[in-house]
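Pasting a structure here, questions to come.
Read the numbers this way: they start at 1 and go in the same order the structure lists the ligands and their atoms. Everything numeric in this text was worked out from a predicted model, so none of it was measured.
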Amino acid sequence: MNNFASSIKNKSKFLILGCGFTGSYFAKTLKKLGCTVLTSTRSENKNPNSFVFNSDEGIVPDEKFFDGVTHILSCIPPNKDGNDPVLESLKNKLKSLSLEWVGYLSTTGVYGDTKGGWVSEINEPNPLQLRSLKRLNCEKAWIESGLPVQIFRLPGIYGPGRSTFEAIRNQKIRVISKKNQVFSRIHVADITNSIIYLLLNKDSLKFHQIINIADDEPCSQEEVIQYCYDLLGLKMPKPVLFEDAKKELSPIAQSFWMENRRVSNKLLCETLGYRLIYKNYKLGLKNCFLNS
Ligand SMILES: NC(=O)c1ccc[n+]([C@@H]2O[C@H](COP(=O)([O-])OP(=O)(O)OC[C@H]3O[C@@H](n4cnc5c(N)ncnc54)[C@H](OP(=O)(O)O)[C@@H]3O)[C@@H](O)[C@H]2O)c1
């Protein structure tokens with residue numbers, strides 16, 4: 001990491017578009033390494049390294065924020081029409097810059113349902129949900145933009161401040177059981193560190209335009225929730241069968257249970273050599289437990 005900082009901190013300038021959970025973590029990590037980082041939000045703020053970008057309201061950043069930018073990470077999901085907010089508002093601007101790299105955070109939802117089977121980057125996307133189809137269209141728009149883009153497909157993101165612990169504390173937890181159902185997930189630190197690892201080793205690693213970032217052990221929600229209750233020293237509520245719980249779930253919550261897949265990280269971790277910090281939910285959740 002220090003190597004990375006010293007090799008690029010003086011000549012690189014990062015723009016993080018959409019500084020929510022992952023964008024903030026990424027920005028914070030880069031800043032710690034000494035890099036210049038500017039971040040966007042949709043609402044006014046007093047941070048001098050932050051600017052307002054809200055594609056829905058047609059608010060685009062002032063020209064000055066783009067001066068000398070070399071790297072961009074977009075963490076912004078498709079808008080309600082299914083278009084990419086960044087490309088819709090800023091494509092020409094981005095194309096006029098001398099960008100070395102553009103990262104785009106996408107989702108593994110584009111793979112659809114594999115009935116519990118493993119899925120990797122060589123599998124043809126097969127979106128089941130409309131939102132995933134929109135996402136796939138945004139990926140295509142990024143690839144066709146001609147920008148030096150790299151797409152990261154992510155499963156459920158968690159980390160300190162956003163994990164099952166918050167759901168338990170806010171009493172928003174429902175323990176649902178569905179036979180053979182698994183979910184893949186990733187700790188926010190591994191999203192950040194793997195992207196930085198790829199940037200650091202850009203010259204020595206073969207470039208892959210699409211990369212999954214997931215941990216080693218997809219597993220059931222019930223297992224994850226049980227582990228959190230164990231760490232808290234509390235008794236987990238009795239699981240409810242999915243068929244019984246279904247009618248009370250929101251359409252979006254229901255849709256997550258309609259897809260069952262194991263996301264492979266072999267490209268990232270075997271071919272490209274990234275070593276996960278949190279290989280499984282137990283290690284990752286212990287970190288959340290100790291930091292929340
Ligand atoms: N959460 C997950 O489990 C998960 C899983 C797979 C993939 N993803 C995807 O990965 C990316 C990062 O996820 P995340 O959970 O870190 O996201 P997040 O916390 O929801 O942050 C999204 C950011 O996008 C900004 N944004 C949204 N619409 C915008 C628009 N029209 N114009 C300008 N900015 C806009 C938001 O601005 P404000 O800060 O002003 O709200 C926010 O900073 C997203 O694309 C997400 O869909 C998420």
Identify each donor-acceptor pair in which a side-chain atom of residues 53-62 lies under 3.5 Å from a protein atom, sequence neighbours left out, and give them as a table.
{"from": "Asn54", "atom 1": "OD1", "to": "Asp56", "atom 2": "N", "distance (Å)": "3.1"}
{"from": "Asn54", "atom 1": "OD1", "to": "Glu57", "atom 2": "N", "distance (Å)": "3.3"}
{"from": "Asp62", "atom 1": "OD1", "to": "Lys64", "atom 2": "N", "distance (Å)": "3.0"}

* Identified side chain to side chain donor-acceptor pair (under 3.5 Å) counterpart of Tyr274 within the set Asn201, Asp190, Asn265 ->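 Single pass found, and it is Asp190.
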* **Distance in Å, Lys178 NZ paired with Ser220 OG, rounded so as to fall on 0.5 Å steps** =>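 Rounded to the nearest 0.5 Å, the NZ-OG separation comes out at 12.5 Å.
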* To do: Classify the angle between the aromatic ring planes of Trp257 and Phe183 as parallel (below 30°), tilted (30 to 60°) or perpendicular (above 60°).
  =>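 If you compare the ring of Trp257 with that of Phe183, the planes turn out perpendicular.
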* Between Ser145 and Leu87, is a side chain to side chain contact (heavy atoms under 4.5 Å, CB included) present by the stated rule, with each step listed? -> CA-CA 8 Å; Ser145 71; Leu87 290 176; 4.2 Å; yes
* Asked: Do the rings of Phe51 and Phe66 sit parallel, tilted or perpendicular, given the 30° and 60° boundaries?
  ->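 The arrangement is tilted - the two ring planes meet at 30° to 60°.
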Filter the ligand 1-protein atom pairs down to N or O on both sides and distance under 3.5 Å, then list them.
{"from": "ligand 1", "atom 1": "1 (N)", "to": "Arg162", "atom 2": "NH2", "distance (Å)": "2.9"}
{"from": "ligand 1", "atom 1": "3 (O)", "to": "Ile157", "atom 2": "N", "distance (Å)": "2.9"}
{"from": "ligand 1", "atom 1": "15 (O)", "to": "Arg162", "atom 2": "NH1", "distance (Å)": "3.2"}
{"from": "ligand 1", "atom 1": "15 (O)", "to": "Arg162", "atom 2": "NH2", "distance (Å)": "2.7"}
{"from": "ligand 1", "atom 1": "16 (O)", "to": "Thr22", "atom 2": "N", "distance (Å)": "2.8"}
{"from": "ligand 1", "atom 1": "16 (O)", "to": "Thr22", "atom 2": "OG1", "distance (Å)": "2.7"}
{"from": "ligand 1", "atom 1": "19 (O)", "to": "Phe21", "atom 2": "N", "distance (Å)": "2.8"}
{"from": "ligand 1", "atom 1": "28 (N)", "to": "Arg42", "atom 2": "NH1", "distance (Å)": "3.4"}
{"from": "ligand 1", "atom 1": "31 (N)", "to": "Ser55", "atom 2": "OG", "distance (Å)": "2.9"}
{"from": "ligand 1", "atom 1": "32 (N)", "to": "Ser55", "atom 2": "N", "distance (Å)": "3.2"}
{"from": "ligand 1", "atom 1": "37 (O)", "to": "Arg42", "atom 2": "NE", "distance (Å)": "3.2"}
{"from": "ligand 1", "atom 1": "40 (O)", "to": "Arg42", "atom 2": "N", "distance (Å)": "2.9"}
{"from": "ligand 1", "atom 1": "40 (O)", "to": "Arg42", "atom 2": "NE", "distance (Å)": "3.3"}
{"from": "ligand 1", "atom 1": "41 (O)", "to": "Arg42", "atom 2": "NH2", "distance (Å)": "2.9"}
{"from": "ligand 1", "atom 1": "43 (O)", "to": "Cys19", "atom 2": "N", "distance (Å)": "3.0"}
{"from": "ligand 1", "atom 1": "43 (O)", "to": "Gly20", "atom 2": "N", "distance (Å)": "3.0"}
{"from": "ligand 1", "atom 1": "45 (O)", "to": "Cys75", "atom 2": "O", "distance (Å)": "3.4"}
{"from": "ligand 1", "atom 1": "45 (O)", "to": "Pro77", "atom 2": "N", "distance (Å)": "3.4"}
{"from": "ligand 1", "atom 1": "45 (O)", "to": "Arg135", "atom 2": "NH1", "distance (Å)": "3.3"}
{"from": "ligand 1", "atom 1": "45 (O)", "to": "Arg135", "atom 2": "NH2", "distance (Å)": "3.3"}
{"from": "ligand 1", "atom 1": "47 (O)", "to": "Arg135", "atom 2": "NH2", "distance (Å)": "2.6"}

